[in-house]
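FYI, the numbering just counts along the sequence from 1.
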Amino acid sequence: MKILGLSGFHTSAAFKRAQLPDLDERELRILQGQDSAAALLVDGEVRAAAAEERFSGEKATGLFPAAAIRDALDRSGVKAHELDVVAHGFAYQRPSSAGEGSDYRTRQFDEVFDPELQAQWLGEHFPGVDWRERLRPVPHHLSHAASAYYPSGASESLILVADGMGERESLTVAVGQGRDIEILHTVPVLHSLGTFYGAITLYLGFDMMMDEYKVMGLASFGDRGRFAKDFADLVVRHPGGRFAIPLLARDRGLVEQESLRGALRVLAERFGTPRKPGEPLEQRHMDVAAAAQAELETCLLHVLSHYKEQTGLRTLSFAGGVALNCTANGVIARSGLFDEVHIPPGAGDDGTALGAAMYVASASPQSPPVARAPMPYWGSSFSRSEIEGAIDERRDCEATSYADFDELAAVVADALAAGEVVAWFQGGMEFGPRALGHRSILADPRESGMRDRINALIKRREDFRPFAPIVLHRSAAELFEIEPGTEDRYAHMLFATATRPEHRHHLGAVTHIDGSARVQVLRPEHNPRLAAVLEEFAERAGIPALLNTSFNLRGQPIVRDPATALDTFVRGGLDRLVIGDFSVQRRGTEGVKK
C-alpha cells in the first residue's frame, strides 16, 4: 500500500497578511500550517520524507510541498497515479457562524483549511488523478500521536501530544494499543502550553513558532525562582492532571487572538517592557525565560504523573512542537515515571506528514505494521557523479577525491584535531529539525573557544546558544549522565542531560553553562562514515565525541543538495567541506587552521 503524507497549509500566510495587514512581521508569523512536508510510506516502510523548506530555501515554509512530493516519488520510483491514499495532517471542519470573528474564521476555512484545497493543489502539480477520492484528512493531534507511537515499536504506550494548536486542541493524552489509538483527554486551544511558551518567546524579542529553542537555551542563564510567584497565576494547575492558562484569556477579539497582544500586555505589566529584536539581553530576560521553562516542565510532569498513575503504562510516546524542548524532555526522562520515552525526530508539524500516513496505514488491514527505523535519513541523496558535477561548477573551490574512505576519515580527524571547522555532507538528508550526522558542521568539542568561534563567525547567532555533542555509543554513558542501556534514547538529539563533571573540562564547546548537553549518541552501524571519523578523532584527541551542529547559516534551512552545500561552505567561511568521497577547500587556503 502506497500512502503519501502531507503537512502544511499553502495559503495560510498569504491569507493572514491580506486579512490583517496592520500586524507586524513577527505577528504575521503566528499562524497555523507552517513546516509543510511530504512523506511516502510503502507497505509500512518509510521510503522518503522531507520538509519543503529544504527545496524552497524559505525556513519553515507552509507552501504546498510540491518539490518534496516530487522528490519522494522520483527517488522511490512511484508514479503519482500509483498512490493509494494521500493523508493530510489536519482535518478542519467548517466553523459555526456564531461568535466574534466568525466571518474571518469562515473565510479562513474556505481559503486555507478546507480539505478540498489539498486536492486542488495536488491536481495543479500532479494532474490526471482523482485526488478527491484518494484524500484522507487526519486530525492533527492523531497525526502527531501516530508519528510518535507507531515507529516506537511499543505494543502499548501512553501518548502525549502538546503543541500550539491542532484544529481545536492544544494538548492530547491518549493510549496506544496495537494498531489503535484511544484519546483520553484533550486541552482546548485557549490553554495551550505551546502558545504560552510562544508568548514568552515574543516577549523576549524572538520569533514565535521559530525561536522557542532560543528561550530554552537562554533559560539556563536565569534564576528560576525570581518570577515563580508571577507565573503561578499565569499558569494554574488543578487536580487530576488539569491546568489552565489565564494569561491567554487576556487576548480579546480577533486581532489580539492573532497577535497575542493581550498576553504581551500582561507580561509587560509583570516583567517590564518587552525586548525588541536585537536589543541587549538583560538578567530579567534570562529570569523570565528560566521561570517559563520551569513552568512548562512542571505542567508536563503534572499531566504525565496523573495519566501514568491512571493507566499504569511505563512507556511514553511524545510529539508536537513542545516535544522539541530538549530540556523538558530530559526532565521527563529523569523523572522515573517511564521506563521508555519515544520522541520522533520530526516531532514538530513536519512530522505530521509522516504521522498522517502512518495513521492511515495502521487503520488499513491491507497495510503491514509500520516498520521501525533507527535513523531518519529519508531525504535527498546524491550520486558521486552528481557531487562531482557540482564541484566542477565552482571555480573558487578545489577538491581531492579519496578511493579509500578510511584514508579520508583520517584526513578529517587530523583537520578537526588541528582546529578546523568541517562541513559534513553524506548520504540521505535527515528528516526533522536536527542535524544527525548527514548534514552537519563538525568541530573539536574540547575548548569553549570553538563554540564562540562558530557562533560568531560561521553561524552568526546569539552567543548564549549551546552546541550539541555527538558521541559514540560505547562511550556515551562514560562521558554523559546517561544510564547504561538507555543510550538509544539519545539517537535523535532530543534529550538534554548532564556532562559528567570529570569530563566537562575537555567538553567545553558542547557543555552548556548549567552543565547540560543535548547529546546525540551514534551507533556505528547507523552511520559508519561518521563513526569512523569519531574513532580516528578519539585516537588523536583522546575523546570519541565531536561538536555537531546543523549545516546551514543563520536564517537558512539545513542544506539539501551539493550546490547549496558548496555555496554555504564558501559563504560561511568554513575550513573544509567533506562531501561524499571528496574533501573540498577554497582555493588559496592552506588546509589546517590553527
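- With H492 contributing its side chain and P374 its backbone, the two residues share a donor-acceptor pair below 3.5 Å.
- Annotation: side chain of T400 is not in contact with side chain of V411 (no heavy-atom distance under 4.5 Å).
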For this session: Carefully, step by step, assess Q556 and T568 under the rule side chain to side chain donor-acceptor pair (under 3.5 Å).
Result: CA-CA 9 Å; Q556 175 192 23; T568 303; 2.8 Å; yes
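- The backbone N or O of E386 lies less than 3.5 Å from a partner atom in the side chain of S383, making a donor-acceptor pair.
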Problem set entry | Test log, rule side-chain contact (heavy atoms from CB on, under 4.5 Å), inputs E536 and V412 | CA-CA 9 Å; E536 292 283 351; V412 175; over 6 Å; no
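- Crowding of E462 atom CD: a count of heavy atoms from other residues, nucleotides or ligands under 6.0 Å exceeding 12.
- Residues passing the salt bridge (Lys or Arg N to Asp or Glu O under 4.0 Å) test with R504: none are found, sequence neighbours excluded.
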Problem set entry | Test log, rule side-chain contact (heavy atoms from CB on, under 4.5 Å), inputs I69 and F64 | CA-CA 9 Å; I69 295 170; F64 185 73; 3.7 Å; yes
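- Scanning for salt bridge (Lys or Arg N to Asp or Glu O under 4.0 Å) contacts around R523 gives D488, E525, with sequence neighbours left out.
- Applying the side chain to side chain donor-acceptor pair (under 3.5 Å) rule to R500 yields no partners; only residues at least two apart in sequence or on another chain are considered.
- The minimum heavy-atom distance linking R540 with A417 is given by the pair CB-CB, 4.2 Å.
- The cationic group of R518 does not satisfy the cation-pi geometry with F495, failing either the under 6.0 Å distance to the six-membered ring centre or the 45° limit from the ring axis.
- For the pair R275 and F206, the distance from NZ or CZ to the six-membered ring centre is under 6.0 Å and the angle to the ring normal is within 45 degrees.
- Under the rule for a salt bridge (Lys or Arg N to Asp or Glu O under 4.0 Å), R489 has no partner lying at least two apart in sequence or in another chain.
- Residue pairs that meet the ring pair (Phe, Tyr, Trp, His ring centres under 6.0 Å) test with at least one member in residues 427-460, sequence neighbours left out, are Y377-H438.
- Counting heavy atoms of neighbouring residues, nucleotides and ligands inside a 6.0 Å radius, atom CD of E481 exceeds 12 of them.
- To the nearest 0.5 angstrom, D207 atom CG is 11.0 Å from L28 atom CG.
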Exercise. Can L300 and L160 be said to form a side-chain contact (heavy atoms from CB on, under 4.5 Å), step by step?
Worked result: CA-CA 9 Å; L300 290 173; L160 177 67; 4.0 Å; yes
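- Using a 4.5 Å heavy-atom threshold, the side chains of S192 and M165 count as separate.
- Listed by first then second residue, pairs satisfying side-chain hydrogen bond (donor to acceptor under 3.5 Å, both in side chains) with a partner in residues 424-433 read Q426-R529, not counting sequence neighbours.
- Rounding to the nearest 0.5 Å gives a distance of 10.5 Å between CG of L546 and CG of L507.
- Shortest non-hydrogen contact noted between A48 and R75 is CB-NH2, 3.5 Å.
- Listed by chain and residue number, nothing satisfies the side chain to side chain donor-acceptor pair (under 3.5 Å) test with Y150 (two or more places apart in sequence, or in another chain).
- Once rounded to the nearest 0.5 Å, the distance linking CG of L522 with CD1 of I470 reads 4.5 Å.
- No side-chain heavy atom of W378 sits less than 4.5 Å from a side-chain heavy atom of R47.
- L442 has its side chain within reach of N548: a pair of non-hydrogen atoms, C-beta onward, lies under 4.5 Å apart.
- The side-chain heavy atoms of P445 and P469, taken from C-beta on, include no pair separated by under 4.5 Å.
- Salt bridge R70/D74: absent, no basic N to carboxylate O contact under 4.0 Å.
- Side-chain atoms of E297 and N325 form no donor-acceptor pair, as typed in the model, at a separation below 3.5 Å.
- Evaluation of the ring pair (Phe, Tyr, Trp, His ring centres under 6.0 Å) test over residues 526-585, restricted to residues two or more places apart or in two chains, returns none.
- The list of ring pair (Phe, Tyr, Trp, His ring centres under 6.0 Å) pairs with a residue in residues 460-482, not counting sequence neighbours, is empty.
- A salt bridge does not link E27 to R17: none of the charged nitrogens lies less than 4.0 Å from a carboxylate oxygen.
- E388 meets the side chain to side chain donor-acceptor pair (under 3.5 Å) test with no other residue; sequence neighbours excluded.
- Using modelled atom types and a 3.5 Å distance limit, the side chains of S7 and D349 yield no donor-acceptor pair.
- For A347 against I343, the heavy-atom pair with the smallest separation is CB-CG2, 4.1 Å.
- The six-membered or imidazole ring of F221 lies away from that of H285, with a centre-to-centre distance of 6.0 Å or more.
- Taking CG of L202 as the reference point, atom CD1 of I30 lies at 4.5 Å (rounded to 0.5 Å).
- Taking every heavy atom of both residues into account, A517 and V510 meet most closely at CB-O, 3.5 Å.
- Under the 4.5 Å side-chain criterion, counting only non-hydrogen atoms from C-beta, Y490 is not in contact with V471.
- Nearest approach of M429 to A50, heavy atoms of both residues: CE-CB, 3.9 Å.
- At a threshold of 4.5 Å between non-hydrogen side-chain atoms, the residues R465 and K214 count as touching.
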For this session: Could you give me the CA-CA distance, side-chain angles and deciding distance for V421 and I441, then say whether side-chain contact (heavy atoms from CB on, under 4.5 Å) is met?
Result: CA-CA 7 Å; V421 180; I441 292 173; 3.5 Å; yes
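- A salt bridge links R446 and D444; the closest N-O separation between the charged side-chain nitrogens and carboxylate oxygens is under 4.0 Å.
- In this structure, I391 and C397 have side chains that are not in contact, with every pair of non-hydrogen atoms separated by 4.5 Å or more.
- Defined by atom type and a distance below 3.5 Å, a donor-acceptor pair is missing between the side-chain atoms of D211 and T201.
- Among all heavy-atom pairs drawn from I482 and T486, the shortest one is CG2-OG1, 3.6 Å.
- R29 is linked by a salt bridge (Lys or Arg N to Asp or Glu O under 4.0 Å) to nothing, counting only residues two or more places apart in sequence or in another chain.
- Salt bridge status for R453 with D575: present, with a side-chain N to carboxylate O gap under 4.0 Å.
- A donor-acceptor pair under 3.5 Å links the side-chain atoms of Y197 to the main chain of M216, judged by distance alone.
- Note: F90 and H88 have tilted aromatic rings, judged against thresholds of 30 and 60 degrees for the angle between ring planes.
- Atoms CG and NE2, from D163 and H140 in turn, are 4.5 Å apart once rounded to the nearest 0.5 Å.
- With values rounded to the nearest 0.5 angstrom, D350 atom CG is found 11.5 Å from Q34 atom CD.
- Partners of H10 under the ring-ring contact (aromatic ring centres under 6.0 Å, His included) rule, at least two apart in sequence or in another chain, are W121.
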